[in-house]
Student: 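Quick one: this structure, given as structure tokens, is what I'll be asking you about.
Residue numbers count from 1 along this sequence.
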Amino acid sequence: QVQLVESGGGLVQPGGSLRLSCAASGSISSINAMDWYRQAPGKQRELVADITSGGRINYADSVKGRFIISRDNAKNTVYLQMNSLKPEDTAVYYCYCNAEILRLGTLSSYNYWGQGTQVTVSS
């Protein structure tokens, strides 16, 4: 049906940068919001950044000024450029989208999650 494939995670030193990508594929009519979440060991999952189909953007206070979320609607892809990374940014990062799809001839809205990609910030 719909699949979200994430890439770009890895190990980076404090102050470094990484760029995450998440591509949605399948029988998608349209995508409303695309988000990045993260979950660190022993902590609750938190919303990092959100971007709507109209380009409205929201960031968590902890990443504001350091991270940039962007979107390529033609490719159904969302990106997260992460700069000035800190050890506290270490987490599994998950892509999320709310998409309209056709199921049994009916257009409906559903939520989808990526598999997650590990980001480790350490020296």
Student: Tell me if the SG of Cys22 lies under 2.5 Å from the SG of Cys95.
Tutor: yes
Student: Quick one: ring pair (Phe, Tyr, Trp, His ring centres under 6.0 Å) pairs with a partner in residues 57-87, sequence neighbours left out?
Tutor: none
Student: What about Val63 and Leu47, same hydrophobic cluster or not, with Ile/Leu/Val/Met/Phe/Trp/Tyr joined at side-chain heavy-atom distances under 4.5 Å?
Tutor: no
Student: Where is the tightest heavy-atom contact between Ala40 and Ala91, given as atom of each residue plus distance?
Tutor: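 Minimum heavy-atom contact is N-CB, 3.8 Å.
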Student: How long is the span from the CD1 atom in Ile51 to the CD1 atom in Ile68, to the nearest 0.5 Å?
Tutor: 11.5 Å
Student: Using the side chain to side chain contact (heavy atoms under 4.5 Å, CB included) criterion, which residues pair with Ala24? Sequence neighbours excluded.
Tutor: Leu4, Ile28, Ile31, Asn76
Student: Does Asp89 come within less than 4.0 Å of Arg38, counting only side-chain N to carboxylate O?
Tutor: yes
Student: Taking atom CG of Leu18 and atom OG1 of Thr117, what is their separation to the nearest 0.5 Å?
Tutor: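 Separation between the atoms: 8.5 Å.
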Student: Report yes if the side chains of Ser109 and Asn98 come closer than 4.5 Å at any heavy-atom pair, otherwise no.
Tutor: yes
Student: Given side chain to side chain contact (heavy atoms under 4.5 Å, CB included), test Leu107 with Ile101 step by step and report yes or no.
Tutor: CA-CA 6 Å; Leu107 187 65; Ile101 65 170; 5.9 Å; no
Student: Output all residues satisfying side chain to side chain contact (heavy atoms under 4.5 Å, CB included) with Thr120, sequence neighbours left out; order by chain, then residue number.
Tutor: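 For Thr120 the side chain to side chain contact (heavy atoms under 4.5 Å, CB included) partners, ignoring immediate neighbours, are Leu11, Thr90, Gln118, Ser122.
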Student: Could you tell me which residues satisfy side chain to side chain contact (heavy atoms under 4.5 Å, CB included) with Ser108, sequence neighbours excluded, listed by chain and number?
Tutor: Thr106, Tyr110
Student: Could you grab the distance from atom CE of Met34 to atom OG of Ser53, nearest 0.5 Å is fine?
Tutor: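 So the gap between those two atoms works out to 11.0 Å.
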Student: Could you go through the side chain to side chain contact (heavy atoms under 4.5 Å, CB included) check for Asp50 and Ile69 one step at a time?
Tutor: CA-CA 7 Å; Asp50 170 85; Ile69 188 171; 5.7 Å; no
Student: Is the closest side-chain heavy-atom distance between Ser27 and Val2 below 4.5 Å?
Tutor: no
Student: Could Lys64 and Asp61 be called an ion pair, given the rule that one side-chain N must be under 4.0 Å from one carboxylate O?
Tutor: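 Judged by the 4.0 Å cut-off on N to carboxylate O distance, Lys64 and Asp61 do form a salt bridge.
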Student: With no hydrogens and no angle check, do the side chains of Arg71 and Asn73 hold a donor and an acceptor under 3.5 Å apart?
Tutor: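 There is such a pair (donor and acceptor under 3.5 Å, judged by atom type) between the side chains of Arg71 and Asn73.
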Student: Does any pair with a residue in residues 28-50 pass ring pair (Phe, Tyr, Trp, His ring centres under 6.0 Å), and if so which ones, sequence neighbours excluded?
Tutor: Tyr37-Trp113
Student: Any idea which heavy atoms bring Leu80 and Ala49 closest together, and the distance?
Tutor: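 Closest approach of Leu80 to Ala49: CD1-CB, 4.2 Å.
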Student: We want to know whether Gln3 and Ser25 form a side-chain donor-acceptor pair, criterion being a heavy-atom distance below 3.5 angstrom.
Tutor: no
Student: Under the side chain to side chain contact (heavy atoms under 4.5 Å, CB included) test, which residues partner Ser17, sequence neighbours left out?
Tutor: Gln81, Asn83
Student: Mind listing the closest non-hydrogen atom pair of Ser70 and Val78 along with its distance?
Tutor: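 For Ser70 versus Val78, the nearest heavy atoms are O-CG2, 3.2 Å.
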Student: Test side chain to side chain contact (heavy atoms under 4.5 Å, CB included) on Leu20 and Ser7; report intermediate values, then the result.
Tutor: CA-CA 6 Å; Leu20 306 183; Ser7 62; over 6 Å; no
Student: Quick check: closest heavy atoms across Met82 and Leu85, and the distance to 0.1 Å?
Tutor: CB-CD2, 3.8 Å
Student: Kindly determine whether Ser30 and Glu100 satisfy side-chain hydrogen bond (donor to acceptor under 3.5 Å, both in side chains), including the steps that lead there.
Tutor: CA-CA 5 Å; Ser30 63; Glu100 293 185 350; 3.3 Å; yes
Student: Give the minimum heavy-atom separation between Gln39 and Lys43, together with the two atoms involved.
Tutor: NE2-O, 3.3 Å
